[in-house]
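Below is one structure, written out as structure tokens; comments come after it.
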Amino acid sequence: MPEDETDHAARTGDAPDTATLLKRNPLQVLVIGAVLAGSAAAFAYVGGFLTPHRLGANHFVDAMETAAGGPHAGFRRAHAKGICIAGHFVGTPQGRGLSTAAVFAGGQVSVSGRFAEAAPDPFAKDSSEAVRSMALRLQPAGAPEWRMAINDTPGLHVSTPQAFYENVVASTPDPATGKPDPAKMQAYLAKHPETVAFLARMKARQLASGFAEDSYNSVDGFIFVAPNGARRLVRWTMQAEEPFATLPPAVRDAKPANYMFDDLLARVAKGPVKWRMIATLAQPGDPNRAAEVWPADRPHIDMGELIIDRVESEATGNCQDINFDPLVLPPGVAPSDDPIPFARSAVYSVSFRRRTAETKAPSAVANQSAGARP
Ligand code: HEM
């Protein structure tokens, strides 16, 4: 099968070249060009390409590997424990009114993706994990694809790549104690009140009992481009249709190591699981910073429904050798001036390149599948 530019990008981690992007959508390239030129220069600057002692994508991944006690060969440098999913998405008329992206056209759009836990340890016990994620590749027939990687957290703990990096460094265990240095963490928190606020939100929230009952947020801001050219700053949520449920900590701690994945396999064996994609529209003055949540009264638009009817272990599923780069965006969706997705795109491709060059041990959740035949 010929390899299209995004598969090439996915396999190599290299961004599609300008000629290919121009072929895909000249207008978008101009827009992205302007945004990327600004941000690429910023990230190239921060990326150490212009000033080598500055933070770069490789530095980032080196620091993440050190914080994790070394890389787990062949696994993602974050969100390492996962399982593949598949299904489809159907857009709504309101969705079409807000974005020209082909996924909202109304027909069934093929979806593949991955549920995971945010930690870098691919064998961590599920009960020790507080952040769960959903990654999706939406592939409308005959139109460019959309990739997203979203978390079940109320915002992010930081708003800049630099602060994310500083958090990784402050969280790195001291070899002498095997624990992060409290003084370093204190100094970090004193400098980053946005992380203190995030931790308070995390403490206040109830943890969903499983992937199926959980809802996932884009956290970062993106631009939706409407048929009349109107550009709206948005964030979105994949809102679970399953009734919300949570487990008392004692019950959760007594659960088997892979209970989240076992429960999902059992659930999908009974039938499809569904989410509604809900876009939240920013109002003038709303901060486009990932650590700052927008007021709850912002307008919400139902963009469509996601139906997941197949789950499969990574070894046989089709989510292992994919980079869910949040900047693989179709016409109708564009990056905003939120700096985080630009750092993510560069860092994910380094993590992708390293892990696909390594021999991978079998995943914790192996040789299992449930749901519709592929
Ligand atoms: C500067 C900020 C961030 C950094 C440095 C970072 C780093 C990483 C890395 C290294 C990976 C593994 C990529 C791979 O090997 O394919 C990853 C995966 C992921 N990240 Fe981030 N991340 C950041 C922010 C975020 C944010 C804001 C979100 C959510 C809104 C997020 C959601 C995810 C998800 C869902 C995955 C797993 C994707 C999959 O299943 O393949 N990350 N991240």
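None of the values given here were measured: they were computed from a predicted structure.
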### Task
Begin from the C-alpha positions of Met185 and Ser171 and carry the test side-chain contact (heavy atoms from CB on, under 4.5 Å) through to its verdict.
CA-CA 7 Å; Met185 185 49 81; Ser171 317; 3.6 Å; yes
### Task
Take His157 and His192 through the test side-chain contact (heavy atoms from CB on, under 4.5 Å) and record every step on the way to the result.
CA-CA 9 Å; His157 57 296; His192 293 285; over 6 Å; no
### Task
Tell me, with the steps shown, if Ile278 and Asp302 meet side-chain contact (heavy atoms from CB on, under 4.5 Å).
CA-CA 5 Å; Ile278 307 296; Asp302 181 342; 4.1 Å; yes
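Applying the ring pair (Phe, Tyr, Trp, His ring centres under 6.0 Å) rule to pairs touching residues 109-139 yields Phe75-Phe123, Phe115-Phe211, Phe115-Tyr216, Phe115-Trp275, sequence neighbours excluded. The side chain to side chain donor-acceptor pair (under 3.5 Å) contacts involving residues 65-85 comprise Glu65-Arg77, Glu65-Arg354, Arg77-Glu358, His79-Ser133, Lys81-Asp126, Lys81-Asn258, where partners must be two or more places apart or lie in separate chains.
Judged by distance alone, the side chains of Asp325 and Ser345 do bring a donor and an acceptor atom under 3.5 Å apart. For Ser110 and Gln139, the side-chain atoms include no donor-acceptor pair closer than 3.5 Å. Looking at Asn217 and Asn151, their side chains never bring a donor and an acceptor atom within 3.5 Å of each other.
Both Met148 and Ile301 sit in one connected hydrophobic cluster of ILVMFWY residues. Membership requires side-chain heavy atoms under 4.5 Å apart, directly or through other members. In the hydrophobic clustering of ILVMFWY residues, with side-chain heavy atoms under 4.5 Å counting as a link, Leu327 and Ile223 come out apart. A continuous path of hydrophobic side-chain contacts links Met64 to Val131 [ILVMFWY only; heavy atoms under 4.5 Å]. Criterion: ILVMFWY side-chain heavy atoms under 4.5 Å apart, direct or through other members. Under it, Met303 and Leu281 are part of a common hydrophobic cluster. Cluster annotation: Ile150 and Met277 are assigned to the same hydrophobic cluster (Ile/Leu/Val/Met/Phe/Trp/Tyr, side-chain heavy-atom contacts under 4.5 Å, transitive).
Distance check, rounded to the nearest 0.5 Å: OG of Ser215 to CZ of Arg276 gives 12.5 Å. With values rounded to the nearest 0.5 angstrom, Asp262 atom CG is found 6.0 Å from Gln368 atom CD. Leu264 contributes atom CG, which lies 11.5 Å from atom CZ of Arg132 (distance to the nearest 0.5 angstrom). Within the model, atoms OG1 of Thr172 and CG of Asn167 stand 9.0 Å from one another, a figure rounded to the nearest 0.5 Å. Atom CD1 of Ile85 is separated from atom CD1 of Ile308 by 4.0 Å, given to the nearest 0.5 angstrom. From Lys274, atom NZ reaches atom CE of Met238 across 14.5 Å, with rounding to the nearest 0.5 Å.
For Arg235 (side chain) and Val219 (main-chain N/O), a donor-acceptor pair under 3.5 Å exists by modelled atom type. Judged purely by atom type and a 3.5 angstrom limit, Arg267 uses its side chain to pair as donor or acceptor with the backbone of Gly271. With Arg231 contributing its side chain and Val225 its backbone, the two residues share no donor-acceptor pair below 3.5 Å. A donor-acceptor contact shorter than 3.5 Å links the side chain of Ser336 to the backbone of Gly221. Of the possible polar contacts, none joining the Thr153 side chain to the Leu156 backbone as a donor-acceptor pair under 3.5 Å is found. Panel note: side chain Thr246, backbone Gln206; no donor-acceptor pair is recorded below 3.5 Å. Between the Asp286 side chain and the Gln283 main chain, a donor and an acceptor come within less than 3.5 Å of each other.
Residues Pro339 and Ser159 come closest through the heavy atom pair CG-O, 3.6 Å. Across Ala57 and Val350, no two heavy atoms sit closer than the pair CB-CG2, 3.7 Å. Here the shortest heavy-atom pairing between Glu242 and Val273 reads CG-CG1, 3.8 Å. Here the closest non-hydrogen pair linking Pro341 and Pro326 is O-CG, 4.2 Å. For Gly332 against Ser99, the heavy-atom pair with the smallest separation is O-OG, 2.9 Å. Here the closest non-hydrogen pair linking Pro173 and Ala67 is CD-O, 3.4 Å.
Residues satisfying the ring pair (Phe, Tyr, Trp, His ring centres under 6.0 Å) test with Tyr165, not counting sequence neighbours, are Phe60. Residues passing the side-chain hydrogen bond (donor to acceptor under 3.5 Å, both in side chains) test with Arg232: none are found, sequence neighbours excluded. Under the rule for a side-chain hydrogen bond (donor to acceptor under 3.5 Å, both in side chains), the partners of Thr195 that lie at least two apart in sequence or sit in another chain are Tyr188. For Trp236, the ring pair (Phe, Tyr, Trp, His ring centres under 6.0 Å) test picks out Trp146, Phe222, Phe224, with sequence neighbours left out. Residues meeting the side-chain hydrogen bond (donor to acceptor under 3.5 Å, both in side chains) test with Asp253, sequence neighbours left out: none. Lys191 is linked by a salt bridge (charged side-chain N to carboxylate O under 4.0 Å, His left out) to Glu166, counting only residues two or more places apart in sequence or in another chain. Contacts of Arg201 classified as salt bridge (charged side-chain N to carboxylate O under 4.0 Å, His left out), with partners at least two apart in sequence or in another chain: none. Scanning for side-chain hydrogen bond (donor to acceptor under 3.5 Å, both in side chains) contacts around Glu292 gives Arg289, with sequence neighbours left out. Partners of Asp338 according to the salt bridge (charged side-chain N to carboxylate O under 4.0 Å, His left out) rule, which considers only residues two or more places apart in sequence or in another chain, do not exist here. In this view, Arg252 satisfies the salt bridge (charged side-chain N to carboxylate O under 4.0 Å, His left out) rule with no residue, not counting sequence neighbours.
Contact check for Ser313 versus Ser363: no side-chain heavy atoms found under the 4.5 Å cut-off. In this structure the side chain of Val111 never reaches within 4.5 angstrom of the side chain of Ile307, judged on heavy atoms. Proximity of Glu314 to Lys360: side-chain heavy atoms (C-beta onward) are separated by under 4.5 Å at one or more points. Taking 4.5 Å as the limit, every side-chain heavy atom of Thr280 sits out of range of all side-chain heavy atoms of Val234. Counting only heavy atoms from C-beta outward, the side chains of Asp174 and Thr177 approach each other to under 4.5 Å. Between Phe164 and Arg344 the shortest side-chain heavy-atom distance does not fall below 4.5 Å. The shortest side-chain heavy-atom distance between Lys255 and Met260 does not fall under the 4.5 Å cut-off. Using a 4.5 Å heavy-atom cutoff, the side chains of Leu207 and Leu247 are not in contact.
Using a 4.0 Å cut-off between charged nitrogen and carboxylate oxygen, Asp152 and Arg205 count as a salt-bridge pair.
Each of Glu312, Arg310, Arg137, His88 was evaluated against Ser112; a single residue qualifies, Arg137, per the side-chain contact (heavy atoms from CB on, under 4.5 Å) test.
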